[in-house]
Amino acid sequence: MSKPDKKSRDAEKVARRRRSLAQAAITVIARKGLPGVTLADVAREADCGYGLVLFHFETKDRLLLAALDALVEEYRAAWHARSDAHDDAVARLEALIDLDLGSAVTDLRHIAVWTAF
């Protein structure tokens, strides 16, 4: 097997950093609410410089949208994993109810962020 080229490694590094910043934003939103979030707060939470957050997202609104996108994608992936694991409708419905009421995507941090948005 060949190694991924530098361009793909760099793209993956950028994607990982953006995901980590979005997760840091989710944590800050859960703690402070949407109006209280600053790029500096997110930088502190992510243990990086303010300029790095600004480089990746340019504005607070873009960062907040990335955080919301991360939540949506996390929920979508969990939803599909549980839904696709069952053939009959009743089991699928029970799995989705369990997802909405008792899973990692509905912990206090996630609920706080969904409510904030």
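These numbers were taken from a predicted model, which means no experiment stands behind them.
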- Item | Spacing of L39 atom CG and T59 atom OG1 [to the nearest 0.5 Å] | 7.5 Å
- Query: Rounded to the nearest 0.5 Å, what separation is found between the CD1 atom of I29 and the CG atom of L68?
  - Reply: 8.0 Å
- Query: Got a sec: does the CG of L108 have more than 12 other heavy atoms crowding it under 6.0 Å?
  - Reply: no
Can you name the closest pair of heavy atoms from [X] and [Y] and give their distance?
X: A116; Y: L34; result: O-CD1, 3.1 Å
X: A66; Y: F57; result: CB-CE2, 3.3 Å
X: L64; Y: V37; result: CD2-CG1, 4.2 Å
X: I26; Y: V113; result: O-CG2, 3.3 Å

Identify, with sequence neighbours excluded, every residue that meets side chain to side chain donor-acceptor pair (under 3.5 Å) alongside [X].
X: R18; result: none
X: H110; result: E74, D107
X: K32; result: D41
X: R17; result: none

- Task: Using the test salt bridge (charged side-chain N to carboxylate O under 4.0 Å, His left out), find all partners of K13 that sit at least two apart in sequence or belong to another chain.
- Result: none
- With no hydrogens and no angle check, is any side-chain donor or acceptor of K60 less than 3.5 Å from a backbone partner on T38? no
Identify every side-chain donor-acceptor pair in residues 77-87 under 3.5 Å, counting partners at least two apart or on other chains, and give the distances.
residue : atom : partner : partner atom : Å
R82     : NH1  : D98     : OD2          : 2.6
S83     : OG   : R92     : NE           : 3.4

- Can D5 and R9 be counted as an ion pair, charged N to O under 4.0 angstrom? no
- Item | Check ion pair R76-E73 (N to O, under 4.0 angstrom) | yes
- Does one hydrophobic cluster hold both L54 and L21, with members joined at side-chain heavy-atom distances below 4.5 Å? yes
- Message: Could you walk me through whether Y75 and D100 satisfy the side chain to side chain contact (heavy atoms under 4.5 Å, CB included) test, starting with their C-alpha distance in whole Å, then the side-chain angles of each, then the deciding distance to 0.1 Å, before giving a yes or no?
- Response: CA-CA 9 Å; Y75 183 83; D100 286 342; 2.4 Å; yes
